[in-house]
Protein chains: 2
Amino acid sequence: MAIIQNIKIAVDAIVFGYENSQLFVLLVKQKFGDAKNSWCLPGGFVLNDESLTTAVTRELREETGVSVNYLEQLYTFGDNIERDPRFRVVSVAYFALVDPSKLTLKTITDTDAEKAKWFPIDQLPQLAYDHREIIDTAFSRLKNKLTYQPIGFDLLGTEFLFSELENLYTTLLEKNIDRRNFRKKILGFGIIDETDKIASVKSGRPAKLFKFNEKKYRELEQNGFHFEIKFN
Amino acid sequence: MAIIQNIKIAVDAIVFGYENSQLFVLLVKQKFGDAKNSWCLPGGFVLNDESLTTAVTRELREETGVSVNYLEQLYTFGDNIERDPRFRVVSVAYFALVDPSKLTLKTITDTDAEKAKWFPIDQLPQLAYDHREIIDTAFSRLKNKLTYQPIGFDLLGTEFLFSELENLYTTLLEKNIDRRNFRKKILGFGIIDETDKIASVKSGRPAKLFKFNEKKYRELEQNGFHFEIKFN
């Protein structure tokens, strides 16, 4: 090609965690450059010989210590040609859902990040670049997906109280639900199993712990089952 | 950054058209390079000072003569680092739905493309790069979206017979439908209007022409309406 293209490709990771009825986003503090000391999403430039998926997994691990099995491609941000003040960067954003209680944050010294930290989605700090917009896009996608795929279970612990699942939906979607109908509907799907364990609840009597049965879900899905939670 | 990134960014357009109960994809024949004489998606490299959306709209217009108002970002292909044999290229793919009867194909001389042509989705030629995979991804997205957004109307003419809408669904989703229920359901949404025009049908008696009422759809959507077509 005759022209010289002067655009860099980066990847960014939006990692959502859920704890104590709150949704968190994983951010890192920049160590160098124009954005020094500001918070932003974990991410960085793609190396010449690595796939986009490898790049985002690597950046996330290096800057935050978090290893995830699966990151879903969210969107590629490249319409604002000045989204990075240094030079033009197109960023392919990925998102993941995790259970923060299972993770220890740890930043490798030899990266652009000084430290990693969870922030509640409604108390985000000032963010560098267009990362606020990227988080907003990811949060919209998350809320939308919650209604048609059983991804909420990725945010909960392996075993959870039914009230925790209910809280997750009401908190994230900001909707009131008819609790009896919700319980009936979710249990009716046949994709969560009652365990024989009981947990005590802060207020109220002890309750059964449940587990998501992913194998069952896949089987049902093969046979045309659609997970769906509707709010009016 | 210390390392020199040696990756180019391209955009590709998957344009679907629908005519005579068949889905078509718009392809161009390459004029230069390794892929000379092979068919591929319209697309090309992003210029330094243009947004991704501008780039894909421009490439599509230059190589095929097709101007579209809206292209939706589909997916960014960059996991296969050898998807282009020349050098590493990450491609941001966009898709659009059009009514081919309204378009005239025309390739500007000064582009990589020799000519543009519609191909039926089930009779695609050998394609360059990973463009077959990109089309498959776009076709899956299209089929999925047809069930939860009224995008089928973008593929039909402004005025259409109910049987044409029905054909579009059965052909693209490869499902049989209960015609009476389908008609009842679609009309029940209140988003298509009966016109006072009658068209003759090849086999059978003349039938009413319908029109999609986008304004009405947007209003209903604001009030919580969800378009949904289910097949079992």
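This structure is a prediction, so every number in the text was calculated from the model and none was measured.
Using modelled atom types and a 3.5 Å distance limit, the side chains of B:S140 and B:T137 yield no donor-acceptor pair.
Highest contact tally toward chain A, considering only B:E82, B:R86, B:E228, is held by B:E228 [criterion: heavy-atom pairs under 4.5 Å]. Counting heavy-atom pairs under 4.5 Å between each of A:D112, A:D79, A:T53 and chain B puts A:D79 at the top. Between chain A and the options B:N223, B:N80, B:I81, B:T76, heavy-atom pairs under 4.5 Å are most frequent for B:T76.
Cation-pi geometry between B:K215 and B:Y217 is not met at under 6.0 angstrom from the ring centre and within 45 degrees of the axis. In this structure, B:K185 fails the cation-pi test against B:F189, since its NZ or CZ atom is not both closer than 6.0 Å to the six-membered ring centre and inside 45 degrees of the ring normal. Under a cutoff of 6.0 Å and an axis angle of 45°, B:K184 and B:F182 do not form a cation-pi pair.
Around NZ of B:K143, the count of heavy atoms belonging to other residues, nucleotides or ligands within 6.0 Å exceeds 12.
For A:I9, the parts lying under 4.5 angstrom from a heavy atom of chain B are both the backbone and the side chain. If you measure heavy-atom distances from A:E50 to chain B, the contacts under 4.5 Å come from the backbone alone. Using a 4.5 Å cut-off between heavy atoms, A:F32 makes no contact with chain B at all.
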